[in-house]
Visitor: 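I have a structure I would like to understand better, so I am pasting it below and will then ask my questions one at a time.
Reckoned from all heavy atoms, side chains included, excluding hydrogens, waters and symmetry mates. Residue numbers begin at 1 in each chain, while the letters A, B, ... track the order of the sequences. What you are looking at is a predicted structure, and each value in this text was computed from that prediction instead of being measured.
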There are 2 protein chains.
Amino acid sequence: MEPGAIDYRDLCMSAAPSRLAGPAERASRRRSAASGSGPGVTLADVAREAGVSSATASRAISGRGPIAAQTRARVLAAVAKLEFEPSPLGRSLRMQTTGLVGVVVPDIADPFYAAAVKGIQHRLEASGYHVALVDTDERVDRETAAIRSLLVARVDGLVVCTSGIAGSWLADAVRRSRTPVVFFDNAVAGVGVGSVTLANEDGMRLLVDHLVVAHGHRRVAYVGGRLSETSGVERLEGFRIGLLAAGLSPVDAYVRMGDWTPASGARETEALLALDEGPTAIVYANARMAFAGLHVLHERGVRVPDGIALASFDDAEGGALLDPPLTALVRRDQQIGDLAGSLILRVLAYAEAGPMHVRIPMELALRRSCGCAGVTA
Amino acid sequence: MEPGAIDYRDLCMSAAPSRLAGPAERASRRRSAASGSGPGVTLADVAREAGVSSATASRAISGRGPIAAQTRARVLAAVAKLEFEPSPLGRSLRMQTTGLVGVVVPDIADPFYAAAVKGIQHRLEASGYHVALVDTDERVDRETAAIRSLLVARVDGLVVCTSGIAGSWLADAVRRSRTPVVFFDNAVAGVGVGSVTLANEDGMRLLVDHLVVAHGHRRVAYVGGRLSETSGVERLEGFRIGLLAAGLSPVDAYVRMGDWTPASGARETEALLALDEGPTAIVYANARMAFAGLHVLHERGVRVPDGIALASFDDAEGGALLDPPLTALVRRDQQIGDLAGSLILRVLAYAEAGPMHVRIPMELALRRSCGCAGVTA
DNA sequence: CTGAAAGCGCTAACAG
DNA sequence: CTGTTAGCGCTTTCAG
C-alpha cells in the first residue's frame with residue numbers, strides 16, 4: 001500500500017462521524033490572494049487596472065448599460081490580464097439570484113430517474129444554471145426536508161418528482177416562496193408552473209390491448225407501482241380501462257400492488273404463481289419489477305412467453321438484452337428531463353404566465369416476452 | 001387533453017431554443033415581501049422586532065460570540081414569530097463560502113455512478129451541504145468546462161471522477177483555486193486532497209485466479225475499459241498479472257479494448273467469437289459490457305458457462321438476475337460515494353493536512369456464469 | 001454583554 | 001458616456 005494510503009475501515013471509524021461541521025459552522029478560509037490573479041481578483045482591481053470606476057467596469061463586462069467601445073476594450077484587457085472571474089457571490093446578493101435549480105428525485109439509482117436527471121442537467125447547463133441534486137430515497141419526509149432546504153438556499157427554480165402525492169405543505173411552501181416549480185413523472189394537481197408526465201394511461205392501454213387482442217390472453221395480471229403516486233394510479237387505471245375496452249373485466253386476484261422495487265416485483269409474481277388458476281400474461285408497471293418477475297419465472301421453470309407472457313410499461317437499458325427480450329413501452333430516456341428543464345427555463349427566462357402541462361406519448365416495442373417474433377428493436 | 005396541456009412536439013419547437021437567457025442575463029425578480037414573513041424577512045427585521053442590534057441578533061442565531069441567555073431568547077422568539085430564515089446569500093458573500101460541493105461524473109446513467117452520487121449526496125446532506133451535479137457524458141472537454149464553471153461558482157469543494165487521465169490543466173486549476181478536490185474511481189496522481197478507488201488490480205486477479213485455478217481455463221480473454229482512465233489501466237494490469245501468477249501468459253488476440261459501453265462489449269465479444277481458436281472464458285472489465293457480451297453469446301447460441309464461461313469485474317443491479325447469474329466482484333454500491341463524501345467533509349471541516357487515499361477491497365461473488373453451482377448471492 | 005460601523009463583490013439609480 | 005453613491009443581508013472587529 002503506498003504512503004498516505006489507508007484502509008477504508010479506518011476511515012469509516014475516523015473520518016465519518018455522523019455529523020461533521022457544516023458550512024455555516026466552519027471558520028472562513030481566507031483567500032490567499034497569492035499571485036494577484038485568478039479567483040481573488042475583484043472588480044475593483046480590474047477597474048483600477050483599467051483606470052475606470054467599478055461601475056464602468058461592471059458595464060463593460062456585463063454588456064448592460066451604455067459604454068464607449070474604447071473604454072470597454074480597456075476594461076476587457078484588464079480582465080484578461082488579471083484573469084478576473086466575476087464572483088457570483090456578490091452578484092447573487094445584489095440580484096437575488098443564485099443560478100441554481102434544485103432537482104429532487106426519489107431514487108437516482110433508478111435508471112429512469114438517472115436518465116431524467118441527465119436530461120435536466122444538460123438542458124440547464126446550456127443556459128448557465130447549476131443543478132443542486134437531492135435524492136430522497138422515496139421518503140416523503142426527506143423530500144419535504146429537501147425542498148425546504150433548497151428554498152432556504154434560494155434556488156431560482158425547482159424540478160421535482162414527488163414520491164407520494166404531495167400534501168398541502170408542498171403547495172403552501174411553493175406558493176409562499178414564489179419559486180417556480182416544475183413537476184415531472186408525478187404531477188401535483190394545481191401546483192407549480194408546469195409538469196412533464198408520461199402518457200401512463202394510454203400507454204398501459206396499448207400494452208393490455210396488445211396482449212388481449214393480438215395474443216388472445218384472457219387471464220391478464222397486473223403488478224403495479226405505488227398508488228401514492230400519480231403514475232401508479234394512472235397506470236392502474238390504464239390497465240383496468242384497457243381490459244374493459246377489450247371486453248374483459250379485471251379480476252381482483254390478478255391485480256397486485258408492488259412499490260416499484262425489484263423485491264416487490266418478485267414477491268407479487270410469486271403470489272400470482274401461487275394462485276389456483278394463474279394468469280397467462282403479466283403486465284408490470286415498471287422495468288425493475290418486470291426484470292425481477294422474469295427472474296422468478298426462470299427460477300420456477302416457467303417458460304416465457306409460452307407458459308406466461310410478459311410485458312412492462314417501462315423499459316430500461318437492458319430490457320432488450322434479457323432472455324427473452326422484454327416487450328415494453330419505450331421512450332427516449334432523457335427526453336422527460338430535457339422537457340422538464342425546458343419548462344423551468346421558460347419560466348426563469350420569461351416569467352411567463354400560465355402553467356404548462358406536457359404528456360409524453362409512449363410507443364410499443366414488440367419483443368419476444370409477449371409472444372411476438374421480436375421485430376422491433 | 002385537459003386545458004393548459006400541450007403536445008410535447010410543440011414544446012420542442014417553442015420552448016426549447018438552443019440557448020435561453022441565463023441567470024446573469026435575467027432581470028432580477030423583486031421580492032414581493034407579501035405578508036412580511038418567510039423569505040424576505042431580513043436579520044434587521046428580526047433585530048428590530050426583538051429590540052436589539054442586528055449584530056446581537058446574528059450572535060443569538062449563529063450561537064457564536066457572547067450573548068445573554070435572556071437576550072438570546074428574545075431574539076429567537078422574534079425569529080419564530082417572523083419565520084425568519086437567514087439568507088445564505090449575505091452569509092456566502094461575507095464568509096466566502098457557498099455550502100456547495102461540486103460533483104462531476106462521466107455518466108450518471110451508469111448505475112455505478114448513480115449509486116456513487118447517491119452516496120455522496122446523502123453524506124454531504126447530513127452536514128448541510130448541497131451537491132451541484134454535472135454529468136460530462138465522458139467527454140474531457142465537458143469535464144474541463146464543468147470544473148471550471150464549478151470553480152467560478154465558488155463551490156467549497158469538488159468530488160470528481162475524471163474520464164481521461166487528467167492533464168496538467170486540472171492539476172493547475174485545482175491548485176490555483178485552492179479548492180479541495182477528492183477523486184473517486186479514477187485517481188489523478190499527485191492532485192487533490194484525497195481519493196477513493198476500487199482495488200482494481202487485486203479484484204481482477206481474484207477473478208482470473210478463480211477461472212484458471214478453480215475451473216481450469218487456459219484460454220482466458222479480456223474485454224477491457226478505456227486505458228485513458230486509471231481504472232481501465234489497473235484492471236488490465238490485474239488481468240495480466242493474474243494470468244502470469246497462474247502460470248499462463250497473456251495472448252494478444254485475447255485482450256480486447258472496449259470503452260465501458262454495452263455496444264463495445266458486444267463488439268469485442270463478437271471479435272473474440274470470430275477467432276479461429278477462441279477463448280473458453282471471458283473476463284469483462286465492467287458489468288455493462290458483460291451484460292452485452294452475454295447477450296451476444298445467447299444470440300450466437302453459445303451456452304454459458306459450458307461453451308464459454310463469463311465473469312465481470314463490476315456488478316450491477318441485475319447481475320444476479322441474469323441467466324445464468326453473473327459471477328462478478330461485488331461491493332456495497334453507495335460505499336464509494338459515501339467515502340468520497342466523508343473525505344471531502346473531513347477537509348472542509350478541519351482543513352486537515354495530508355492527502356488521504358482509500359482503496360475499497362472487492363469480494364468475489366461466485367454465481368453460475370463461471371461454472372460454479374451458484375452458492376453466493 | 002451589546003451596539004455602531006465596516007465591508008464581503010457586485011449592480012443600478014442618479015447625477016454629471 | 002462615466003463616476004459617485006447606495007445598498008443586497010450577513011458577520012465581525014472594535015468600542016463602550
Visitor: Think A/S53 has a side-chain N or O under 4.0 angstrom from the OP1 or OP2 of D/dG3?
Guide: yes

Visitor: For B/P86, which contact category applies under a 4.0 Å heavy-atom criterion: base, sugar-phosphate, or nothing?
Guide: sugar-phosphate

Visitor: Given C/dT11, C/dC10, C/dA6, identify the nucleotide with an atom nearest to the side chain of A/S58.
Guide: C/dT11

Visitor: Roughly what angle, to 10°, lies between the helix axis at the start of the helix from C/dC1-D/dG16 to C/dG16-D/dC1 and the one at its end, five pairs per end?
Guide: 40°

Visitor: Would you say the side-chain atoms of B/S92 pair up with the backbone N or O of B/T97, donor to acceptor, closer than 3.5 Å?
Guide: yes

Visitor: Rounded to the Å, how far apart are B/Q96 CD and D/dG9 P?
Guide: 18 Å

Visitor: So among A/I120, A/L150, A/V117, which one has a side chain to side chain contact (heavy atoms under 4.5 Å, CB included) with A/L133?
Guide: A/V117

Visitor: Of the candidate nucleotides C/dG3, D/dT11, C/dT2, which contains the atom at the shortest distance from the side chain of B/V52?
Guide: C/dG3

Visitor: With respect to the phosphate group of D/dT11, does any side-chain polar atom (N or O) of B/R91 fall under 4.0 Å of OP1 or OP2?
Guide: yes

Visitor: Between A/R139 and A/D141 (salt bridge meaning N to carboxylate O under 4.0 Å), is one present in this structure?
Guide: yes

Visitor: For B/P66 and A/L93, find the nucleotide of DNA chain C closest to each by heavy atoms; which residue's nucleotide sits nearer the 5' end?
Guide: B/P66

Visitor: Would you say the side chain of B/V191 lies within less than 4.5 Å of the side chain of B/V181, judging by non-hydrogen atoms?
Guide: no

Visitor: So, is A/S62 near the phosphate of C/dC10, with a side-chain N or O under 4.0 Å from OP1 or OP2?
Guide: no

Visitor: Is it the case that C/dG3 (base atoms only) and B/R59 (side chain only) share a donor and an acceptor within less than 3.5 Å, ignoring hydrogens and angles?
Guide: yes

Visitor: Using a heavy-atom cut-off of under 4.0 Å over every strand shown, decide if B/A55 touches base, sugar-phosphate, or nothing.
Guide: base

Visitor: Atom CZ of B/R94 to atom P of D/dC10: distance rounded to whole Å?
Guide: 13 Å

Visitor: Does a nitrogen or oxygen in the side chain of B/T56 sit under 4.0 Å from OP1 or OP2 of C/dG3?
Guide: yes

Visitor: Rounded to the nearest 0.5 Å, what's the gap from CZ on B/F184 to CG on B/D338? Could you check?
Guide: 12.5 Å

Visitor: Are any non-hydrogen side-chain atoms of A/T179 and A/V174 less than 4.5 angstrom apart?
Guide: no

Visitor: Between D/dT11 atom C1' and B/L89 atom CG, what is the distance in whole Å?
Guide: 15 Å

Visitor: Counting distance only, does the side-chain N/O of A/R154 pair as donor-acceptor with the main-chain N or O of A/V152 below 3.5 Å?
Guide: yes

Visitor: Nearest whole Å is fine: how far is D/dT13 P from B/R64 CZ?
Guide: 10 Å

Visitor: For A/L43 and D/dC8, give me the distance from atom CG to atom C1', rounded to whole Å.
Guide: 16 Å

Visitor: Distance check needed: D/dT2 C1' versus A/R74 CZ, whole Å only.
Guide: 11 Å

Visitor: Tell me which of A/G65 and A/G90 sits closer to the 5' end of DNA chain D, going by the nucleotide each one is nearest to.
Guide: A/G65

Visitor: So that I can tick it off, tell me whether B/R142 and B/D135 are bridged by a salt bridge, with the cut-off set at under 4.0 angstrom between side-chain N and carboxylate O.
Guide: no

Visitor: Rounded to whole Å, how long is the line connecting atom CZ of B/F84 with atom P of D/dG9?
Guide: 10 Å

Visitor: From CE of A/M95 over to P of D/dA6, roughly how many Å is that when rounded to an integer?
Guide: 22 Å

Visitor: Measuring to OP1 and OP2 of C/dC8, would you say a side-chain N or O of A/T42 lies under 4.0 angstrom away?
Guide: no

